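Inspection log for the structure reproduced underneath, given as structure tokens.
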Amino acid sequence: MHCARRNATGSKDKRAGCVACRLQTLLISSSSAQLPTVLTVSIAELLSSSVNGAMNLLCGRSLLLLHSILMVACQASNDSSDRPRRFKPHEIANTLPKSSEKVLVDRYVTDTEAASARVFRVYKPLLPHHHNQCDEYLYVLSGRGTFWMEDPKSQQEFGPGELLYFHKKTVHSLPDIVEEPVVFMSSDTPRRSPDDIHFENPEHGSSESWGHDRGSDEL
């Protein structure tokens, strides 16, 4: 859906809406290291898309984007991704919901160009899917289930203390939850953006069926 507003002649000017949609996607997919540049470009392009840069002429979509820019700026000011940090994955796992309508809920604990780290809990079977951006290391913090990589015939049970590894674009699945809670610590190399989830059958879901939390539980 395009966002449109009327200019002085009464014709629709969709430029601000299109710019807003594009920049909002860019903001969501950007890593912490990219934020200063992305924020500068976003604000400049957004203002230039309005008539005389007047704030009261920005479309509703653009105002929502400005809100997103401010939220991201606040997050960036509190995020020192380049310095050493320390976390307790089991304590982070305890903050995840006891139940969810989502297939899984994950919390990003670090998010840089080189890699991202997450703690996530699985609530429902994960149907076959892959990630285009990164290799993935999954360390089992708790729970038991079954998991396969590349070929369904490779399916085996997993449990606490095991490490599962696969290259980017490798199809994988978690068909069964045997014992809850099923919680993983994931390291993604390089960084994986939240929307890099591609089901082999598109009818099985999308990135929206996974819940993401970029909050930090640093010690």
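Source: prediction; values computed, not measured.
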>> Can you list everything that forms a ring pair (Phe, Tyr, Trp, His ring centres under 6.0 Å) with Tyr137? Sequence neighbours excluded, please.
In response: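 Listed in chain order: Tyr165.
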> Taking only residues two or more places apart in sequence, or in another chain, which ones meet Phe184 in a ring pair (Phe, Tyr, Trp, His ring centres under 6.0 Å)?
Replying inline: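 With sequence neighbours excluded, Phe184 shows a ring pair (Phe, Tyr, Trp, His ring centres under 6.0 Å) to Phe120, Phe158, given in chain and number order.
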>> Under the criterion side chain to side chain contact (heavy atoms under 4.5 Å, CB included), I'd like the reasoning laid out for Gln133 against Ser193: C-alpha separation, chi angles, the key distance, then a yes or no.
In response: CA-CA 8 Å; Gln133 298 173 346; Ser193 60; 3.1 Å; yes
>> Run the side chain to side chain donor-acceptor pair (under 3.5 Å) test against His198 and tell me which residues pass, sequence neighbours left out.
In response: Asn132, Asp196
> Short question: side chain of Glu91, backbone of Lys88 - any donor-acceptor pair under 3.5 Å?
Replying inline: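 No.
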> Does a side-chain heavy-atom distance below 4.5 Å link Glu200 with Ser173?
Replying inline: no
> Are any non-hydrogen side-chain atoms of Tyr139 and Leu164 less than 4.5 angstrom apart?
Replying inline: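 Result no, sub-4.5 Å side-chain heavy-atom pair not found.
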>> Enumerate the salt bridge (Lys or Arg N to Asp or Glu O under 4.0 Å) contacts for residues 121-131, please, sequence neighbours excluded, ordered by first and then second residue.
In response: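 Listed once each, the pairs would be none.
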>> Does anything in residues 129-138 form a salt bridge (Lys or Arg N to Asp or Glu O under 4.0 Å)? List the pairs, not counting sequence neighbours.
In response: Arg118-Glu136
> Could you walk me through whether Ser116 and Asp111 pass the side-chain hydrogen bond (donor to acceptor under 3.5 Å, both in side chains) check?
Replying inline: CA-CA 4 Å; Ser116 53; Asp111 190 8; 4.9 Å; no
[X] to [Y] - nearest heavy-atom pair and separation:
| X | Y | result |
| --- | --- | --- |
| Cys134 | Pro190 | CB-O, 3.0 Å |
| Ser100 | Lys102 | OG-N, 3.0 Å |
| Gln155 | Pro175 | OE1-CG, 3.2 Å |
| Val122 | Leu126 | CG1-CG, 4.0 Å |
| Pro160 | Gly143 | CD-O, 3.4 Å |

>> Do Leu127 and Val171 land in one hydrophobic cluster if side-chain heavy atoms of ILVMFWY residues count as linked below 4.5 Å?
In response: no
>> Is there a path of hydrophobic side-chain contacts, each under 4.5 Å between heavy atoms, that joins Trp148 and Val103?
In response: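 Trp148 and Val103: separate clusters.
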Separation of [Y] [atom2] from [X] [atom1] (nearest 0.5 Å):
| X | Y | atom1 | atom2 | value |
| --- | --- | --- | --- | --- |
| Phe147 | Glu162 | CZ | CD | 11.5 Å |
| Asp151 | Thr170 | CG | OG1 | 12.0 Å |
| His131 | His129 | NE2 | NE2 | 4.0 Å |
| Tyr123 | Leu96 | OH | CG | 5.0 Å |

> Can the ring centres of His130 and His172 be said to be less than 6.0 Å apart?
Replying inline: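 Ring centres of His172 and His130 not closer than 6.0 Å.
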> Please walk me through it: do Asp106 and Val119 pass side chain to side chain contact (heavy atoms under 4.5 Å, CB included)?
Replying inline: CA-CA 6 Å; Asp106 66 2; Val119 174; over 6 Å; no
Result block: side-chain N/O donor-acceptor pairs under 3.5 angstrom for residues 176-183, not counting sequence neighbours:
from	atom 1	to	atom 2	distance (Å)
Asp176	OD2	Thr146	OG1	2.8

